[in-house]
2 protein chains.
Amino acid sequence: MAETAEDAEDFKPDSDASTSATSKKRNAFSELMAPKPKSAKPESGSTPSYHGTKTKPKEKSWRGNLLPYIQNPESFPKAVIRVTKDTVLIQDQYPKATIHLLLLPRSPKHYDLHPKEAFKDEAFISMMKEEAASAAKLAASELSRKISRFSASDKARNEAMESLASEAEMPPGRDYLSEIRVGTHAHPSMRHLHVHIISRDMHSDCVKHRKHYNSFNTSFFVSLADQPLADGDDRLSTSFQNANLEKDFVCWRCGKEFRKDKFADLKRHLDVEFELWKKE
Amino acid sequence: MAETAEDAEDFKPDSDASTSATSKKRNAFSELMAPKPKSAKPESGSTPSYHGTKTKPKEKSWRGNLLPYIQNPESFPKAVIRVTKDTVLIQDQYPKATIHLLLLPRSPKHYDLHPKEAFKDEAFISMMKEEAASAAKLAASELSRKISRFSASDKARNEAMESLASEAEMPPGRDYLSEIRVGTHAHPSMRHLHVHIISRDMHSDCVKHRKHYNSFNTSFFVSLADQPLADGDDRLSTSFQNANLEKDFVCWRCGKEFRKDKFADLKRHLDVEFELWKKE
DNA sequence: GAATCATAAC
DNA sequence: GAATCATAAC
Ligand SMILES: Nc1ncnc2c1ncn2[C@@H]1O[C@H](COP(=O)(O)O)[C@@H](O)[C@H]1O
Ligand SMILES: Nc1ncnc2c1ncn2[C@@H]1O[C@H](COP(=O)(O)O)[C@@H](O)[C@H]1O
Ligand SMILES: [Zn+2]
Ligand SMILES: [Zn+2]
């Protein structure tokens, strides 16, 4: 999420476009959540320059770090999950939950717009909702792959699976899709339009500070289903959103509250919740 | 480890004596590495007070947080692994590796001394080495319990185990004891004498900054076997030890170096090494 | 020792 | 956005 409304920015060169925050295996789809170690930089001059003139501060270059995935998805086989006519689906490089993907529209006409502007385009929001729905199904099945073995509600189904039962006679099993959330941050930090496809758990080493948690667990997180937002929607208020990031914490699972200066306590609580949640 | 040599300290009350940094199960021995959620404070006035007079700055009270384990081990059933005539063995509350225990001597005559002083006592160092050797075996067997299923060198042995072979016909298996290190920090932060019993991996969420890594992976970590140190041993030099904490990183497993301002890179590398190491 | 907060520099 | 470094306050 962006630092805090209307910030003036310096012109700074950027470092690497794609280092990873986690490790283990490598392999885009099958290893859905495993980030990557180093990897390529954007190939060409992907960041326009305005420096020299007085007013306009040059945009920080790291804000453009999602563009290479759009322009050159084949260069990021570990990160890119799917490319369709209209979108690129990637692994978030600093996943804030067990599953965390980003859906990027390929249309230059839209990818440079702020979500609230882009989603006014009816055909565009409609396309994005469809692509996101399909991405969410993918995320759900990957979540299932990761935690089904701990799941009580999947027990019967998994046993039927073992005994090679046919789909028709298999009990339904856990609804993983309901654990996947789809939406944008009210104040994105990364320039190119992206929709988060994320599991609810917030169990990740990459959740390191208050804003990480609150940006996904307050109204700062805007469901794609709510787009386009009506004029006057609270969520369009900058001060409202800045305040959301500074709020006390509320556990996504049980509603327990933690003072905003008790992030470490929240983290320990999330660890416990994660274990229980897997077992649901 | 201590902040940096000879520091002047303010008089401050302490908060909680025993919160935990990890989560999951609870159960001292069987769940060797699982820390604890809250737990008791020291019962009585365990911290002496000198305030009032001019020079001596009152010791920070958190430095006394290991004392309750010694004075009242039965109050910490999740943390305390073993109590013998001479020592208390506990889980480190912020484990810096897969296995991380602390061995605390019970003798008030020794537990307040700096390691370099205490270990001059021949009977004492001898006792501590024996207790530590036994604690290390315990740590090794717990390490085995945690990672043996990934281990190539344990494969044959584990299969023999499955088929209920007798110990005599079982292949030897991995030497976990060689993965356990035993020693003290050159400048401990916690007041009461404690010996670290720690697996080599440094794979832990609690390893959060440079000093965490370097205090266990430079000469700042003093093997118990090297005690008592000879007069004139480099490791008794404060400036030498302060410098150790500020050094570039060296991977414990492959020797790869990382600039000291690349801690995040080191962490990613340690994640990779951990996966490979488990599979040895 | 752990943890929160603020601040550069990428 | 991530990451390093310094600084209180416990
Ligand atoms: N180079 C990158 N590749 C992939 N994801 C990234 C990269 N840099 C940042 N991110 C993620 O992009 C998201 C941007 O968040 P926001 O702009 O607040 O919606 C965060 O979830 C980051 O973890
Ligand atoms: N309350 C506590 N209970 C158990 N271990 C602790 C506690 N506080 C700190 N520690 C550990 O004690 C060790 C002290 O390190 P040092 O004084 O540098 O040898 C570190 O490994 C800490 O994680
Ligand atoms: Zn909860
Ligand atoms: Zn290495």
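Checking side-chain atoms of Q241(A) against main-chain N and O of R235(A) turns up a donor-acceptor pair under 3.5 Å.
No salt bridge links D271(B) with R268(B); every basic N to acidic carboxylate O contact stays at or beyond 4.0 Å.
Here dT4(D) presents its P atom at 13 Å from NE2 of H209(A), a figure rounded to the nearest Å. For D261(A) and dT7(D), the CG to C1' distance is 16 Å, given to the nearest whole Å. One atom, CZ of R210(B), and another, P of dA3(D), lie 15 Å apart when rounded to the nearest Å. In this structure, NZ of K60(A) is placed 12 Å from P of dA8(C), rounded to the nearest angstrom. Distance N65(B) CG to dC10(D) C1': 10 Å, rounded to the nearest Å. For K262(B) and dC10(C), the NZ to P distance is 10 Å, given to the nearest whole Å. Taking atom CZ on F263(B) and atom C1' on dA6(D), their separation rounds to 17 Å, with Å as the unit. At whole-Å resolution of the value, CG in D205(A) and P in dA2(D) are 13 Å apart.
By the 4.5 Å heavy-atom criterion applied to side chains, F221(B) and T184(B) are not counted as neighbours.
Across all strands shown, nothing is found opposite dT7(C) as a Watson-Crick or G-U wobble partner with both distances under 3.5 Å.
Using modelled atom types, one finds no donor on one side chain facing an acceptor on the other under 3.5 Å when comparing T98(A) with H203(A).
Contact check, K96(B) against dA2(C): a side-chain N or O comes under 4.0 Å of OP1 or OP2. For the pair R268(A) and dA3(C), the criterion of a side-chain N or O lying under 4.0 Å from OP1 or OP2 is met.
Looking at heavy-atom distances under 4.0 Å, H212(A) makes contact with sugar-phosphate atoms alone, never a base.
Residue A264(B) places its side chain closer to dA3(D) than to any other of dA3(D), dA2(D), dT4(C).
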